[in-house]
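The structure appears below as C-alpha cells.
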Amino acid sequence: MSDAKVSPPRSWGRSIVATACPLDCPDCCSLSVTVERGRLTHIDGSSTAPSTEGYICGKVRRFDRRVYHAERLLHPAVRKGPKGSGAFERITWDEALDLVASKMREARDRFGAESVLPYHYGGSNGVLTNDLEDARLFRTFGASRLARTLCAAPTGAAATAMYGKMAGVAYPDYEDAKLIVIWGCNPSASGIHIVSHIKKAQKQGAKLVVIDPRRTPLGRQADLYLPVKPGTDLPVALAMIRELFARNRVDRAFLSAHTTGADDLARVAGEWTIERAAGEAGISATDLETFVDWYSTISPAVLRCGWGQERNRNGGGATMAILALPAIAGKFGVRGGGYTMSNSAAWGITAESLIKVPPGTSRLVNMNHLGRALTEYNAPPVQVLFVYNCNPVATVPHQNLVRKGLEREDLFTVVHEQIMTDTAKYADLVLPSTTFLEHYDVAKGYGAYHLQVVQPVIAPVGESRPNQEVFRELGVRLGQAEDDDETGEAGALMDVLNGIPKPLADSLREGHLGPAPANGHPVQFVDVLPKTDDQRVHLFPAELAAEGNLYRYAADPATARHPLSLISPASEHTISSTLGELRPGVARVKIHPDDAQPRSIGEGDSVRIFNELGEVHCEADVTPEVRSGCLALPKGLWARSTMNGSTSNALVPDTLTDLAGGACFNDARVQIELLARH
Ligand SMILES: Nc1nc2c(c(=O)[nH]1)N[C@H]1C(S)=C(S)[C@@H](COP(=O)(O)OP(=O)(O)OC[C@H]3O[C@@H](n4cnc5c(=O)[nH]c(N)nc54)[C@H](O)[C@@H]3O)O[C@H]1N2
Ligand SMILES: Nc1nc2c(c(=O)[nH]1)N[C@H]1C(S)=C(S)[C@@H](COP(=O)(O)OP(=O)(O)OC[C@H]3O[C@@H](n4cnc5c(=O)[nH]c(N)nc54)[C@H](O)[C@@H]3O)O[C@H]1N2
Ligand SMILES: [Mo]
C-alpha cells in the first residue's frame, strides 16, 4: 500500500514548494519551503494566507533541524534494555504491525477491548493526522475512549455553553478597537501575527490592558497591567461585572434581546467588591477601578481571551466570567468590538462529520489521569498503550506517576513518533512518523481564519509513515478493514475533502486556502450569532449550573510548606514539547527578587523546586518579570533541560478544573531553595 503514495516533488535541482504549517498555534501560516536535491534548505512564511504576511516564527523556521535531527526515528524498533533506557533494535514495518496487532488481540482476549488505551493529543494538529483513521480503528476495536482534556477543555466548555463557539473577532479588526484587553494570553510567543495589529491600534490611540501574573512583552507595552495571582481571574472578572451593574453601565437592551441568565450572573457577582477581588488577586484596587472605568466607557473594545487562565481549579468559571464581559457591557455589534477565543469550530469539521463509526460507550479515560490509569485502573487494567501525537512524559500532570506507570513490565507501550522523545524512551515498540513536511494534511487555524492544504515537500525521512497509513494497515491486520485501498495518502485527503462543505473543498482542491466564515472578518452579532439553540448568550447555562459550582471561587491551595505558585507558560522556543530536543543548556526558573533574596538565591544559581509530588533542579533567573509569590518555568521542557531529569509536570497535581476535567498546570504549589551558587 505504501507504494501507492503520492510522490513529493522529485526535482534534483532547487524548488520552492508552497505548503502550510498545521502545528498547534492559532495562526495557521502559509509556508514557502526551499528544497535542494531532495533536502529542505529553507523554511519561510508566504503571503498565500493573508495573515501570515510573509513572516513566520523562529520555531518553524528552523524545523529542518528536527527533520534531520540525530535522534529522528528512522525505522520501527523494539525495546532492548530496561523501560525508559531508550535502547532499541531495528525491525521491519511488517514485523512491527504484526506485533501491535497481536498484542491488541491478546489484550482483548484476556482483559477485554477496553484494556487497550489510545493516548493522543494534537500532534501536528491537522485534520488528517488527528481523529480520523485512528478514531476509526480504535472505535471499531472498542478500545477505551480518551477524554482529550490536556488543553482547552474548560475554555471550550465555557465558549460552547455560552456562545456555541461563535466565530471571534479577526486579527486585523483589532485595528478598529479603541480598547484591547489581553487576558491570560501571550501572543508574542503563542501566535505572533496578532501582535502587529495590536501595536498599530495602540499607535492610533487605543489603550491596551494585559492581565497576566507575568509581565509579557505586551504587558510591558500595556497602558494598564494587572499582575494577578494565578487562579484569581474569576473574582477579578466577577468584580467587574458587579461594578458594571452597580454603575448602571450595563447594556440592558442587549441583555434582554440576546442573553439569558444575566440576573443569576449579577447575583453571584454580587459578593465580589473591587476591594475584595483586588485583595484576592494581589493587585491594586485602584488599577482594577481604572480597568472598569475604561471598559465601561471605551468602545469599540475587544477582548483576546487566552488559555493561561484556564489551567487551574477556577479555570472554567474564570473563562465564563471573562467571556460574559462583552455581553454585559454591550461591546458587540461593531467592528473591533467583542471577543476572540478559539475559532477551531468555525468550519464544523469533526471526526463525526468525516468518519461513520460512532464513538461508542466504552470506558472514558481522562487524559490528565494517565498516571492513575496506568497504575490504579483495574477494571480492566491498561495492557496496551498506543501513544501518538503526544509526548505525555513531558506534557501531562503528575510526571512521576506517569513514569511509574510506563515502567510497568506487563504494559505494552507503542509510541508512534518523529523523534526519540522522553515518552518514546519508555516504548516497547517505536514506530517512526513523518512530519508535516513529509505528508498531506489539512491545517485549521484557531485564531487566524484559514483552512489550508498541507503537502509533502520532501520524501519521508527514513522509513517514517504518516498516521493514517499506520492506522489503516493496523485495521487490515485486525480484520477490521479491507486491504483494498490503492489511493494511499492523497486518497485520504480526498476522503476528507469529500466530507467537508463543498465550497470549502473546491477551493482547497484548486489552491491552498479555504474561504473563511463571514469572509474572515465577522462582526459579532451582525455577521454571526451565538450557535446556541436559541442564538442567545447563555450567561448562566442551565447544563453547567446543574453541577452546582458555577462561578464559585475555590481558594488558593498554597500551604505554609509550599507557598509559591509555579506556572509553566508557552515559550517561544518550543510548541508544547515539540522542538524541546533543540533546547541548549539547563532551563531557568523565573523568580521575583522579593522571593529570591530571603532564600539567598542569585542570578544563575542552581535551585531545587519541590513539593510532595516531586522536585526539579534547574537554574534561577531572578527578575521582576514574574509577580512575587509566583515562579515560572517554561512548558514543554524535556528531561535533558533540567539537572535531575524532572520538569514542571513533576510538580503539577493531577487535580481537575471546575469545568470539563481540564488540567491544573498552573495550580502547582511549591517551595524553592538554593542548591549551589553560580
Ligand atoms: N511558541 C509557542 N506557541 C504556542 C504554544 C507553545 O507551546 N509555544 N502552544 C500552543 C498551544 S498548545 C496553546 S494552548 C496556545 C496557548 O496560548 P496562550 O494562552 O497565549 O499561552 P500560555 O503560555 O499557556 O498562557 C498565556 C499566559 O497566561 C499567563 N497565565 C498563567 N496563569 C494565569 C492565570 O491564572 N491568569 C492569567 N490571567 N494569566 C495566567 C501566563 O503567564 C502566560 O503569559 O499557544 C499555542 N502556541
Ligand atoms: N506544565 C505544563 N504542561 C502543559 C501545558 C502547560 O501550560 N504547562 N500546556 C498543555 C497544552 S496547552 C498542550 S496543547 C499539551 C500538548 O502536549 P502534547 O500533545 O504532548 O504536545 P507536544 O509536546 O507538542 O507533543 C506532540 C508530539 O506529537 C508528535 N507528532 C507531531 N505530528 C505527528 C504526527 O503526524 N504523527 C505522530 N504519530 N506524531 C506526531 C511530535 O513529534 C510531538 O512529540 O501540553 C500541555 N502540557
Ligand atoms: Mo494547548
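What you are looking at is a predicted structure, and each value in this text was computed from that prediction instead of being measured. Residue numbers run from 1 in the order of the sequence given. As the structure lists them, so they are numbered: ligands from 1, and atoms in each ligand from 1.
- Looking at heavy atoms from C-beta onward, Leu631 lies out of side-chain contact with Ile567 at the 4.5 angstrom threshold.
- Of the polar atoms of Lys59, at least one N or O is found under 3.5 Å from an N or O of ligand 1, judged by distance alone.
- Between Tyr388 and Phe138, the ring planes are parallel. Angles under 30° get that label, and only those over 60° would be called perpendicular.
- The existence of a salt bridge linking Arg215 and Glu625 is excluded, since no basic side-chain nitrogen approaches an acidic carboxylate oxygen closer than 4.0 Å.
- Rounded to the nearest 0.5 angstrom, Leu234 CG and Trp272 CH2 are separated by 7.5 Å.
- Rounded to the nearest 0.5 Å, atoms OG1 (Thr642) and CG (Leu633) are 8.5 Å apart.
- Contacts of ligand 2 (protein heavy-atom distance under 4.0 Å) are Asp24, Arg66, Tyr121, Gly123, Ser124, Thr129, Leu150, Cys151, Arg311, Tyr388, Asn389, Cys390, Asn391, Thr395, His416, Glu417, Gln418, Thr421, Ser433, His439, Asn467, Ser568, Ile575, Ser576, Ser577, Thr578, Lys635, Ser648, Asn649, Phe665.
- Between Phe291 and Trp183, the ring-plane angle classifies as tilted under the 30° and 60° cut-offs.
- Using a 4.0 Å cut-off between heavy atoms, Asn186 contacts ligand 1 through both its backbone and its side chain.
- Close approach of ligand 1 to Gly184 (heavy-atom distance below 4.0 Å) involves ligand atoms 19 (O), 25 (O), 26 (C), 27 (C), 28 (O), 37 (C), 38 (N), 39 (N).
- The proximity of Ser571 to ligand 1, defined as any non-hydrogen pair under 4.0 Å, is limited to the backbone.
- Here OG1 of Thr340 is found 2.5 Å from OH of Tyr174. Values are rounded to the nearest 0.5 Å.
- Polar contact with ligand 1: absent for Glu572 (N/O pair, distance under 3.5 Å).
- In this structure, Arg148 contributes its side chain and Tyr121 its backbone to a donor-acceptor pair below 3.5 Å.
- For ligand 1, the atoms sitting less than 4.0 Å from at least one non-hydrogen atom of Asn312 are 35 (O), numbered in the order shown with element in parentheses.
- Applying the side-chain hydrogen bond (donor to acceptor under 3.5 Å, both in side chains) test to every pair with at least one member in residues 188-197, sequence neighbours left out, gives these pairs: Asp27-His193, Glu175-His197.
- Distance alone, capped at 3.5 Å, is enough to place a donor-acceptor pair between the Asp422 side chain and the Ala639 backbone.
- For ligand 1 and Tyr446, the ligand atoms under 4.0 Å from any heavy atom of the residue are 10 (C), 11 (C), 13 (C), 15 (C), 46 (C).
- Which parts of ligand 1 touch Trp183 is read off a 4.0 Å heavy-atom cut-off, strictly below it: atoms 38 (N).
- The contact set between ligand 1 and Arg214, taken as ligand atoms under 4.0 Å from a residue heavy atom, comprises 42 (O), 43 (C), 44 (O).
- At least one heavy atom of Cys185 sits under 4.0 Å from some atom of ligand 1.
- Listed by number with element, the atoms of ligand 1 under 4.0 Å from a non-hydrogen atom of Thr216 are 44 (O).
- In this structure, CZ on Arg313 lies 9.5 Å from OG1 on Thr655, to the nearest 0.5 angstrom.
- In summary, the atoms of ligand 1 found under 4.0 Å from a heavy atom of Asp233, numbered by their order in the structure, are 34 (C), 35 (O), 36 (N), 37 (C), 38 (N).
- For ligand 1, none of its N or O atoms has an N or O atom of Pro26 under 3.5 Å away.
- You'll find the side chain of Leu566 stays beyond 4.5 Å of the side chain of Arg669, heavy atoms only.
- Rounding to the nearest 0.5 Å gives a distance of 4.5 Å between SG of Cys390 and CE of Met367.
- Short contacts between ligand 1 and Pro230, defined as distances under 4.0 Å to a heavy atom of the residue, involve ligand atoms 34 (C), 35 (O).
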